[in-house]
Every structure is written in C-alpha cells, then in structure tokens.
Amino acid sequence: MKVTVVGAGAVGASCAEYIAIKDFAAEVVLLDIKEGYAEGKAMDLMQTASLNGFDTKITGVTNDYSKTAGSDVCVITSGIPRKPGMTREELIGINAGIVKAVSSSLIEHSPNTIIIVVSNPMDTMTYLVHKTTDLPKNRIIGMGGALDSARFKYRLAEALGAPISDVDGMVIGGHSDKGMVPLIEKAARNSVKVSEFLSEERMDQVVQDTKVGGATLTGLLGTSAWYAPGAAVSGMVQAIACDTKKIFPCSALLDGEYGLSDLSIGVPCVLGANGIEQIVNISLSDAEKTKLAESAEGVKKTNGLLEL
Ligand SMILES: NC(=O)c1ccc[n+]([C@@H]2O[C@H](COP(=O)([O-])OP(=O)(O)OC[C@H]3O[C@@H](n4cnc5c(N)ncnc54)[C@H](O)[C@@H]3O)[C@@H](O)[C@H]2O)c1
Ligand SMILES: O=C(O)C[C@H](O)C(=O)O
C-alpha cells in the first residue's frame, strides 16, 4: 500500500505520523510546495521509526508528482487553515484553486487512486474534486464526520463522566460550525441511550460544544487543529488499506440518498478496498431529517461559490 499525503503542514504531517505508527502501509510520500519542507518533515518522522517501532518508509518531495505515481490512496491537506474568528467557508477563495490543481496532478500519476479530501471547506472541496475529475464517486471521499464524531464522543464522555471507550455516537451533515448534525438521540453509553443519564439541557450543551469543536481549538491554538484530524484520516486510510468495511461518516456524493442529490455531505459509509463501498441509509427522526436538510442547504450555498 502506497499513500501520498499532499501538504506537509500540521495536518499532513500528523496524518503521515499516525499512518506510520499504525504500520499498515509500505510507503508514505509527503508532498509540499514549500522547498525542502516535506523532505524535512519526512526525515524527522523517519528518525522516530526505531523509537516508535514502525517499518513504513516515509519520503518527502517538493512538488514532484512523479514520486507519487501508483499511490493507492492520496490525501489532500494542502491549503490554508482558518484563523480565530473565521469560518471554514471563508477559505474557499484560496483553497479551491489549490485542491483543483493538486487533485488533477495526483490523478495524472495515479489514475486508479482513492482521494481523501481534508482541505476546507471540506464538503465543497470534495464536491469540486467530483466535478472536475473523472474518478468514480466511490473513490472520492471527504474527511469531516470521522473527526466530528470523535469530538462528539469526547464531549459525551465528559458529560457522562464515562470512559470514551464506553461511548458511541455519530455526527453527520456538513463539516461546518452550523451544519454539523450530532445524532444525540442515537448516542449511547454501552448500548444505553445517553438520554437515560443526561438532562435535555446537558445534551444540548454536548451538541453545541461538538459543533464548534474546530472553532474552539482554533481560538486556543491560533490556527486549526491537527492531532485529531490526522488520526481521523489515518483511521480512514487504514480501513481502505486493510479492507475492514468499518463504518465512518464521510462526505460522499449523494444521488437521492437521504432525499439529497448533487452535493457531497457527511453520511455513514462503509469503507473498504474500493473506497466508499456502501452509503448506509439509517432511519432518522423528523428532527434529524430537518437538520440534515438545513445542513445540505448550507453546503449547496457554499458549492454555489465555486467557479465550475
Ligand atoms: N476536514 C477536516 O476535518 C480538517 C481538519 C483540520 C484541518 N483541515 C484543513 O486542512 C487544511 C490544512 O491545514 P493545516 O493546519 O495542515 O495547514 P498548514 O498551513 O499547516 O499546512 C498546509 C500545507 O499545504 C501546503 N500547500 C499549500 N499549497 C500547496 C500546493 N499547491 N501543493 C502542495 N502543498 C501546498 C503549504 O505549504 C502547507 O505546508 C486547511 O484547509 C484546514 O482548514 C480540515
Ligand atoms: O476547524 C477548522 O477550521 C479545521 C477543521 O475543519 C477542524 O474541524 O478541526
């Protein structure tokens, strides 16, 4: 398994590190436009190999796509992150051009690859890759829900005073401060609905804290987060590499599923060797359906800003 990660910045390097530590890929190529940057990150990471006990070979290249040839999975993290007070949507002007050019260069050298889009605004960047390349729709996947669900579980565990391993929950919808739909009615502690333990008010707080998870970290860090995003991507790459058929909420191109079409938005997906192998149609309550429809409207509005 060969994986390329474009963008050797905070998220790209974290992603490469987690993939290497999990030791399921033969090779990770880090590519960045900044001269020597990916080479430096790759060398630093390789010097952790004997300490962390992995055999994955990480190499770094400056904008040389020939070195990415034959990649099974390509992750796009290139682009600018937001600063405190900004929304992800405000990044579209710069990131759309970067994501379009990068995806085209990747496919030129790895025509059968699976692309995971991370750059923000992620659902719209994923839609852009669908619209501007010929890759089949199961091979273009946006990462957002895996991260948002991990943040949801963190907040649920905090509210419940429970270990995170005892908690289950999923976030669907757009990867935006307003558009996320944490499925609180379905969230559970060891198969018991969390409503058995938490007041309505506390559950509302968990939902709100989850939705602004990225903004909260951006406020604290001065730029957006990288550890949990990198770990979330590495989990998705592992599911593809090892053909695990695990369910992750992913930004997938919809064609009627959930009553939605012509957009990419977060829904539960089975991930395996062929990328998105199934979009899982879970039953939603009327309130959940309304929130997902509102979220889709927001994503479509941002998609409307693309020059296609
Ligand atoms: N989807 C998510 O859940 C999620 C999570 C975290 C971050 N993000 C997004 O990921 C992106 C990267 O965030 P970051 O914190 O790693 O930023 P960063 O600034 O640390 O890294 C971005 C890297 O991209 C490189 N780059 C820019 N243009 C390039 C090009 N044309 N080709 C190759 N490399 C290029 C830059 O040189 C830089 O090293 C941002 O858009 C951020 O909003 C998304
Ligand atoms: O919050 C951001 O801008 C980055 C990312 O989408 C995140 O959720 O951490």
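Numbering of ligands and ligand atoms starts at 1, following listing order.
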- Can you tell me how far CD of Glu158 sits from CZ of Arg202, rounded to the nearest 0.5 angstrom? 6.0 Å
- Item | Side-chain H-bond candidate by donor/acceptor type, Ser264 with Asp123, under 3.5 Å | no
Contacts under 3.5 angstrom, residues 290-297 side chains, donor-acceptor by atom type, not counting sequence neighbours:
{"unit_1": "Thr290", "atom_1": "OG1", "unit_2": "Asp286", "atom_2": "O", "d": "2.9"}
{"unit_1": "Ser295", "atom_1": "OG", "unit_2": "Gly174", "atom_2": "N", "d": "2.8"}
{"unit_1": "Ser295", "atom_1": "OG", "unit_2": "Gly179", "atom_2": "O", "d": "2.7"}

- Task: Mark up the atoms of ligand 2 that fall under 4.0 Å of a heavy atom belonging to Ser224, in ascending order.
- Result: 2 (C), 3 (O), 4 (C)
- Could you grab the distance from atom CG of Asp168 to atom CZ of Arg189, nearest 0.5 Å is fine? 13.5 Å
- Which of the atoms in ligand 2, numbered in the order shown and given with their element, are less than 4.0 Å from a heavy-atom of His175? 5 (C), 6 (O), 7 (C), 8 (O)
- Query: So, Asp209 and Gln205: side-chain donor and acceptor under 3.5 Å apart, yes or no?
  - Reply: yes
- Message: Hydrophobic clusters here meaning ILVMFWY residues chained together by side-chain heavy-atom distances under 4.5 Å, can you tell me if Ile279 and Leu284 are in one?
- Response: yes
- Query: Is there a donor-acceptor contact under 3.5 Å linking the side chains of Thr4 and Thr68?
  - Reply: no
- Query: Any link between Met180 and Val206 through a network of hydrophobic side chains (Ile, Leu, Val, Met, Phe, Trp, Tyr) touching at under 4.5 Å?
  - Reply: yes
- Within the structure, does Val118 bring an N/O atom to less than 3.5 angstrom of an N/O atom in ligand 1? yes
- Is there a heavy atom in Thr223 that sits closer than 4.0 Å to ligand 1? no
- Any N or O of Ser224 that comes nearer than 3.5 Å to an N or O of ligand 1? no
- Query: Considering only protein heavy atoms, which is closest to atom 23 (C) of ligand 1, and at what distance to one decimal place?
  - Reply: Asp32 OD2, 3.6 Å
- Query: Have Gln238 and Thr244 got a donor and an acceptor in their side chains that come within less than 3.5 Å?
  - Reply: no
- Task: Considering the heavy atoms of Tyr37, write down every atom of ligand 1 situated less than 4.0 Å from one of them.
- Result: 39 (O)
- Heavy-atom distances under 4.0 Å are what count here, so tell me which part of Asp148 touches ligand 2: side chain, backbone, both or neither. neither
- Item | Distance-only donor-acceptor check, side chains Asn95 and Ser119, under 3.5 Å | no
- Message: Return the OG to CZ distance between Ser149 and Phe248, rounded to the nearest 0.5 Å.
- Response: 10.0 Å
- Task: Note the single closest protein heavy atom to atom 28 (N) of ligand 1, along with its residue, its atom name and the distance in Å.
- Result: Ile98 CD1, 3.7 Å
- For ligand 2, is any non-hydrogen atom under 4.0 Å from Arg151's backbone (N, CA, C, O), its side chain (CB onward), both, or neither? side chain
- Item | Numbered atoms and elements of ligand 1 in range of Asn120, under 4.0 angstrom, heavy atoms | 4 (C), 8 (N), 9 (C), 41 (O), 42 (C), 43 (O), 44 (C)
- Side chain, backbone, both or neither: Ala10 near ligand 1, heavy atoms under 4.0 Å: both
- Message: Below a 4.0 angstrom heavy-atom separation, can you tell me which part of Asn120, side chain or backbone, both or neither, approaches ligand 2?
- Response: side chain
- Note on the structure: For atom 10 (O) of ligand 1, the closest protein heavy atom turns out to be Ser119 CA, 3.9 Å
- If you measure from CG on Asn120 to CD1 on Ile92, what distance do you get to the nearest 0.5 Å? 10.5 Å
- Note on the structure: Residue, atom and distance of the protein heavy atom nearest atom 21 (O) of ligand 1 read Gly9 CA, 3.3 Å
- Note on the structure: Taking only non-hydrogen atoms of Leu91 and a 4.0 Å limit, the atoms of ligand 1 in range are 43 (O)
- Item | Distance from atom 34 (N) of ligand 1 to nearest protein heavy atom, with residue and atom | Ile33 N, 3.4 Å
- Taking only heavy atoms of Arg88 into account, list the atoms of ligand 2 that are under 4.0 Å away from them. 1 (O), 2 (C), 3 (O), 5 (C), 6 (O), 7 (C), 8 (O)
- Query: Do Glu185 and Ser285 have a side chain donor and acceptor closer than 3.5 Å?
  - Reply: yes
- Query: Distance from Tyr65 atom OH to Ile107 atom CD1, nearest 0.5 Å?
  - Reply: 11.0 Å
- Could you tell me which atoms of ligand 1, counted from 1 in the order shown, lie closer than 4.0 angstrom to a heavy atom of Pro229? 5 (C), 6 (C)
- Message: So if I count the atoms of ligand 1 from 1 in the order they appear, which ones are less than 4.0 Å from some heavy atom of His175?
- Response: 1 (N), 2 (C), 3 (O)
- What about Tyr37 and Ile58, same hydrophobic cluster or not, with Ile/Leu/Val/Met/Phe/Trp/Tyr joined at side-chain heavy-atom distances under 4.5 Å? no
- Does Met143 approach ligand 1 within less than 4.0 angstrom via side chain, backbone, both or neither, non-hydrogen atoms only? both
- Identify the closest protein heavy atom to atom 40 (C) of ligand 1: which residue and atom is it, and at what distance? Ile80 O, 3.3 Å
- Query: When hydrophobic residues are tied together by side-chain contacts of less than 4.5 Å, even through go-betweens, does Val3 share a cluster with Met143?
  - Reply: yes
- Is Val11 close to ligand 1, meaning an N/O of one under 3.5 Å from an N/O of the other? yes
- Provide the number and element of each atom of ligand 1 under 4.0 Å from a heavy atom of Ala225. 6 (C)
- Task: Examine the side chains of Lys83 and Thr223 and answer whether a donor and an acceptor come within less than 3.5 Å of each other.
- Result: no
- Item | Numbering as shown, the atoms of ligand 1 that approach Val6 to under 4.0 Å (heavy-atom distance) | 33 (C)
- Heavy atom of Trp226 under 4.0 Å from ligand 1? no
- Message: Would Asn95 count as a polar contact of ligand 1, with the cut-off being nitrogen or oxygen pairs under 3.5 Å?
- Response: yes
- Message: I need the nearest protein heavy-atom contact for atom 12 (C) of ligand 1: residue, atom name and distance, please.
- Response: Thr77 O, 3.0 Å
- With heavy atoms under 4.0 Å as the rule, classify the contact between Ala232 and ligand 1 as side chain, backbone, both or neither. neither
- Look at the side-chain heavy atoms of Ile, Leu, Val, Met, Phe, Trp and Tyr, link any pair under 4.5 Å apart, and say whether Val102 and Val29 land in one connected group. yes
- Element-labelled atoms of ligand 2 that are located less than 4.0 Å from some non-hydrogen atom of Arg82: 1 (O), 2 (C), 3 (O)
- Looking only at protein heavy atoms, identify the closest one to atom 27 (C) of ligand 1 and say how far it is in Å. Gly79 N, 3.8 Å
- Message: List ligand 2 atoms under 4.0 Å from Leu147, heavy atoms only on the residue side.
- Response: 7 (C), 8 (O), 9 (O)
- Residue portion contacting ligand 2 (non-hydrogen atoms closer than 4.0 Å) for Met122: neither
- Taking only heavy atoms of Met122 into account, list the atoms of ligand 1 that are under 4.0 Å away from them. 1 (N)
- Message: Can you tell me how far apart OG1 (Thr48) and CD (Glu17) are? Round to the nearest 0.5 Å.
- Response: 6.0 Å
